[in-house]
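So that the names make sense, note that chain A is the first sequence line, chain B the second, and so on, each numbered from 1.
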There are 2 protein chains.
Amino acid sequence: MPYYIGDVIKEERKLVIRTPEKFRETGVDVRLHVIAEEVDADKGVVRLSDGTALNYDILALGMGTSPFVPKIPGLDLEGVFTLKTLNDATRIKAFIKDSPCRKAVIVGAGFIGMEMSEALKTRGVDTHVVDLMPRPAVRWDPEFSKVILEELTRQGVAFSPNTGIVAIDKGKGYRLHVATDDGGMEADMVLIAIGVRPNVKLAADMGLQIGKTGAIQVDFSQRTSKEGIYAVGDCCEVYHRVSKRWAHVPLGDIANKQGRVAGRNIGGGSIIFPGVVGAQSFKVFHCEAAATGLDEAEALNCGYHPVSNIIWGNAIARSMPGEKRVGVKLVADRATGKLLGAQAVGTTGAVNRINVLSCALWSGISVDEIGYFDFAYAPPFSPAWDPIHIAAQELLRKL
Amino acid sequence: MPYYIGDVIKEERKLVIRTPEKFRETGVDVRLHVIAEEVDADKGVVRLSDGTALNYDILALGMGTSPFVPKIPGLDLEGVFTLKTLNDATRIKAFIKDSPCRKAVIVGAGFIGMEMSEALKTRGVDTHVVDLMPRPAVRWDPEFSKVILEELTRQGVAFSPNTGIVAIDKGKGYRLHVATDDGGMEADMVLIAIGVRPNVKLAADMGLQIGKTGAIQVDFSQRTSKEGIYAVGDCCEVYHRVSKRWAHVPLGDIANKQGRVAGRNIGGGSIIFPGVVGAQSFKVFHCEAAATGLDEAEALNCGYHPVSNIIWGNAIARSMPGEKRVGVKLVADRATGKLLGAQAVGTTGAVNRINVLSCALWSGISVDEIGYFDFAYAPPFSPAWDPIHIAAQELLRKL
């Protein structure tokens, strides 16, 4: 069940989780709070941390990822968090409510860092984001990262670029002191959000092939390298339809789809997971950021010949009141004229456009066709020449 | 230059139109308020209503459409309008401002009728829409028309289904009386918006081929049947990529594209217009309606084997506050498993989804792939399983 982890913190909402009892009614034996410590793949046995051994004919692995944490002292201090599970979210929520939490430092300006900066700030917590990189959301073009940074600044969230943390200590005016490579700052709470790593130890121990990405190798049916063993979700790889390589893209919608594909195959169906194009997005305050496919560096790495451009347009027709600026970046291959990737940023209309371009990537459409795509045009929704058309036609002149 | 005709009426906005003088500065001779009365295609001469004759090597026709009006008495009375040109819009606007205009009857519940019902109502004019059909926006499924009707009702716009008008007369309490086939009603203004017909007389007179649709026949380069003569926009046909037939789809974004294609070919370029998939949309108050491709009847008519379904979902993730109901209808071909068409209705998120599905139609994607499309998922923008996924997977079971 997908949930929006920032949202759990921002809003007073209850999530309904199905209990093991509920599962049992439907004949499914769900055991929580146990760890699968070892798998004997030859004998088909899983040994659990509570001492029991479970026999299986089919094994499905969905072990997810773990937050990556730097090797620094002070991670065990009260007020230092990572955010991966629903429990993490409720713990953070309780902390904000019960402890004096006047200020938070978020380490990492990726998806989680951005979403949490909004969640914490909205909860009245003074928020400061630090990142090793020179700008937030580095997956996006510098021109778009700038727009994201401007939105952070407008909303009163501080950002320190090029900043690594070296230690966390007890603070003086606040609960904690965060020492960085060029100074330090105090805060009541520190959130480490610098990425995740796939949980593959169990899989590696039982001799499953691990892919180059570090995640479990699977095929289009979600089968691992050993018969009868499937893997799904953030712990395994996924086929990237643009790079034509197996990638590690730990996102909730992909995990959902892989689970469905594995389940249907295990149940006797014949179905494949056709892969992804790398579509992703986040919202931070009044800014949408979305991206799909490859950026120039990734494209070069695949042996493509990337050419790119950025245009700024209006998400709605010029004749409509109010302007809604949206930036669109396209990356195409000079050799084939095909689209390779796209990014968009704006107060609205960025995600929609990336979804359309994701569909274009899915089918391998060339930039000249994108310049004439047929949209459901009406002035409240787009100009007659959508920013997508304009970006494609402009890029075509560079190809 | 596209403009939103309803918007001209609703808002106090100025449109900047480039004058003939401005064009002349760039070496283009623009003559307004003259009619091209006759073309001698053999000699390459256009005779204008002001008596002049213009020689040409290349002729481009962009004559647009005219509003269709029923053959009833009273159309010439003051307060009776059609709405096609910017002049029509400014005339209506002046009329509302200067005359007592307490009530309007709109004849026709298509795009223009719907947009104008919002524009007039927002201007404080009591508005009543009548249509020969049993429901508004009949291009949409009855289940979706119902949602549109509910929105009209919620906003205080009256709708009379199955109603034809037979005459317009002077009224008693109001300026005009509209006689219908089952009674009548009074209003200060009547807007006839029952569709348009392509302006092809000049083209037919000069011997150009007219297509089965009644619009001028063109090829992928916008060339007509006579050498050196191009046609673009609402007066000509367009290739429909799903029906694989030439259709008449008089919409502003298509006209823009055709103009560009003709212009580049005339200028010595080599470019084709790749056609349309039938994407269209309108907004009426807080309701988005969008459609693309074929409906069941059109699909049957083409020899396809249509199967369809409708699902209702949420435009955003369940974990987000507030529900945004969106309905998605898919039509697919049982023979090939390919998508043939789609419709959507909702307060938000309908047009976006139809744009994605238009891209799917553009490339001829099958319903099983649509069920696993990769979107830029984040909870503020969609559920992890988007209504598109759910609709496609449900439809797949019927194929």
Side-chain angles (χ1 to χ4, degrees), chain A residues 2-4 7-8 11 13 15 111 115 241 251-257 261 271 273-283 288 290-292 317-321 351-352 354-356 358-360 362-365 368-369 372-386 389, chain B residues 2-4 7-8 11 13 15 111 115 241 251-254 256-257 261 271 273-283 288 290-292 317-321 351-352 354-356 358-365 368-369 372-386 389:
Chain A
Y3 52 86
Y4 184 36
D7 189 46
V8 172
E11 305 279 337
R13 295 168 64 70
L15 292 166
F111 286 40
E115 290 180 351
R241 296 170 66 97
L251 292 172
D253 56 331
I254 300 172
N256 265 273
K257 288 170 191 149
V261 169
I271 182 174
F273 182 48
V276 301
V277 294
Q280 51 195 277
S281 69
F282 69 87
K283 180 177 104 54
E288 289 185 12
T292 189
R318 203 168 24 161
S319 59
M320 296 295 293
V351 170
N352 311 342
I354 289 302
N355 282 342
V356 169
S358 293
C359 182
W362 185 279
S363 358
I365 290 183
D368 59 342
E369 289 198 49
Y372 286 90
F373 258 172
D374 189 19
F375 294 129
Y377 159 69
F381 308 119
S382 66
W385 290 106
D386 191 85
H389 294 130
Chain B
Y3 52 86
Y4 184 37
D7 189 47
V8 173
E11 305 278 337
R13 294 168 63 73
L15 291 166
F111 286 40
E115 290 180 350
R241 296 169 67 96
L251 292 173
D253 55 332
I254 300 172
N256 265 274
K257 288 169 191 148
V261 169
I271 183 173
F273 182 47
V276 300
V277 293
Q280 49 195 277
S281 69
F282 69 87
K283 179 176 105 55
E288 290 185 11
T292 189
R318 204 168 22 159
S319 59
M320 295 297 292
V351 170
N352 312 340
I354 290 303
N355 282 342
V356 169
S358 293
C359 182
L361 286 173
W362 184 279
S363 358
I365 290 184
D368 60 342
E369 289 198 50
Y372 286 90
F373 258 172
D374 188 19
F375 294 129
Y377 159 69
F381 309 119
S382 67
W385 289 106
D386 191 86
H389 295 129

Within the side chain of B:K257, is there an N or O that forms a donor-acceptor pair under 3.5 Å with the backbone of A:F373?
yes
Would you confirm whether B:D374, through its side chain, and A:G278, through its main-chain N or O, come within 3.5 Å as a donor-acceptor pair?
yes
Interface moiety of B:L361 toward chain A, non-hydrogen atoms closer than 4.5 Å:
neither
Heavy-atom distances under 4.5 Å only: say whether [X] touches chain B with side chain, backbone, both or neither.
X      : result
A:F273 : side chain
A:E369 : both
A:F282 : backbone

Looking at every heavy atom in both [X] and [Y], which two are closest together, and how far apart are they?
X      : Y      : result
A:F375 : B:D253 : O-OD2, 3.3 Å
B:S281 : A:F381 : OG-CD1, 3.6 Å
A:A279 : B:A376 : CB-N, 3.4 Å

Most contact-rich option vs chain B, by heavy-atom pairs under 4.5 angstrom, among A:L251, A:V356, A:T292, A:N355, is A:N355
So which residue, B:I365, B:I254, B:I354, ends up with the most heavy-atom pairs under 4.5 Å with chain A?
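Top count of heavy-atom pairs under 4.5 Å with chain A: B:I365.
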Report the distance from atom CG of A:N256 to atom OH of B:Y372, rounding to the nearest 0.5 Å.
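So the gap between those two atoms works out to 10.5 Å.
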